[in-house]
Number of protein chains: 2
Amino acid sequence: MDAMDNCTDSKDRILDKAEALFAEKGFHAVTVREITQAAHCNLAAVNYHFGNKQNLYLEVFRTRWMPRARRVQACFKDVLSTQDGRSLAGIVHALAEAFLKGPLTDDERLCHSQLMIREMAKPGLATDMLVDEVIKPFFGDLVVLLGPYLPENGERERVMLDIVSIFAMVIYFNFARVPVTRVTGQEYDEVFKERLVEHIVRFCLKGLDMDKKEGA
Amino acid sequence: MDAMDNCTDSKDRILDKAEALFAEKGFHAVTVREITQAAHCNLAAVNYHFGNKQNLYLEVFRTRWMPRARRVQACFKDVLSTQDGRSLAGIVHALAEAFLKGPLTDDERLCHSQLMIREMAKPGLATDMLVDEVIKPFFGDLVVLLGPYLPENGERERVMLDIVSIFAMVIYFNFARVPVTRVTGQEYDEVFKERLVEHIVRFCLKGLDMDKKEGA
DNA sequence: GTTTGTATAAAACAAATGTTTTAATGTCAA
DNA sequence: TTGACATTAAAACATTTGTTTTATACAAAC
């Protein structure tokens, strides 16, 4: 093993193609042969590098999905710190900005969402990792961030539902591209995505309806 | 073939179990043997009654999913006609009522949602049927219903996004039970579901922000 | 130069899986 | 009863699929 391979390491190529295929079709619908052919390497390479198919799936999350999730969160905090600080509108805008535009390319975002959605719809091999290391901590951050806008002390559940609702919007528009396109006739081009961000921010900001302290 | 079988027709039993398993695990993750064992019938029964596995999947949608979707829509129109008519609040409330409580049992609703979500996440065998015969028509109905509340004539896209957003909320809270439960600590019991309906109605009603003609 | 360890390739294996075949069973009509 | 038809049961079949084995090429270490 050295540098100057054909292109990149075959291990990396397998991870790349495996992620794309798992995202598109789901774990069971993808075969090891399909992956290795797409990665232009031998069938045995998967078992050589990763032991078995399940482990490859987990490695995809460890080495691809998790770092990307962290990048998105970092972007969120970045936007948050550079703009008008901690206003409610600023927080919601930063969320939409990070998750719908953010540091990811469009392909990356689609792939990323689909992988997550599959794990959320039915608990799978990577669900624990995903929930414990990404979703829960980030959710906790948001609770703290939105704390000042709480109506009262006893309304903790209300805030949880509000936060989840923002994610509902963000996630749904990423995962339901097909029906949205077929029903509205709108393609997911740049201009439509821009409109989407605008819409989500407006809808959620109104929906939150937290007119206690600082407003927009 | 006659009545007085062991319990019900084996064809029906296969459809029942197949639907539950397809909903839970997805098409590829379920085997024909798994289905026939759950349905207490012979392996060949699937191919005898339905030709092949794909056709069974389609039959599940034709004979199970579609009728249920129609029942939910009928319930929506029912609620709509019996309550305060055509106010915006009434429409949103009827939507939430029909889709989150409505005529389905909790198990049915979960099963129903999961099947739909899988088809929406990745276009599959039943996507055309689902979109053309259920989603599109119902979407059209809603556009008409919400027409009077349009801000202007040129804002058709805005209304589409608003409608889709309501579905985003309703669908998301059905499909993301696992992460919602694990993040908030809330089980999906009756009291929590009641709170959910309340929340969705409030959030969407505010989010729609259509203060043109009659208000709530 | 030999050895060692790593990566790739080709072939083989064993289990799983969708499908088909063939036989058996039961029901209803003639 | 007989014959046609529908349903169920058991076994076999042909692929597919995840995994393992064996062999080969190649670079670095001794």
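A note on names: the letters A, B, ... follow the listed sequences, proteins ahead of strands, and every chain is numbered from 1. Basis for what follows: all heavy atoms, side chains included, without hydrogens, waters or symmetry-related copies. Just so you know, these numbers come straight off a predicted model, no measurement behind them.
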Could you run through nucleotides 10-26 of chain C and give me one letter per nucleotide, 5' to 3': B if any protein heavy atom sits under 4.0 Å from the base, S if only the sugar-phosphate is that close, - if neither?
B------BBBBB-----
Closest heavy-atom pair and its distance - B:R109, B:L104
NH1-O, 3.4 Å
Sorted by first residue and then second, give each side chain to side chain donor-acceptor pair (under 3.5 Å) pair with at least one member in residues 54-64 of chain A; sequence neighbours left out.
A:D16-A:R64, A:Y57-A:E119, A:E59-A:R62
If we count only N and O atoms by modelled type, under 3.5 Å, do the side chains of A:Q186 and B:E157 hold a donor and an acceptor together?
yes
Is the phosphate of C:dA7, meaning OP1 or OP2, less than 4.0 Å from a side-chain N or O of A:S10?
no
Should B:H49 be listed as having a side-chain N or O under 4.0 Å from OP1 or OP2 of D:dT8?
yes
If you draw the axis of the six-membered ring of A:F173, does the NZ or CZ of A:K193 fall within 45° of it and under 6.0 Å from the ring centre?
no
Between A:F203 and B:K206, is there a cation-pi geometry (under 6.0 Å to ring centre, at most 45° from the normal)?
no
Can you tell me how far C1' of D:dT8 sits from CD1 of B:I14, to the nearest Å?
11 Å
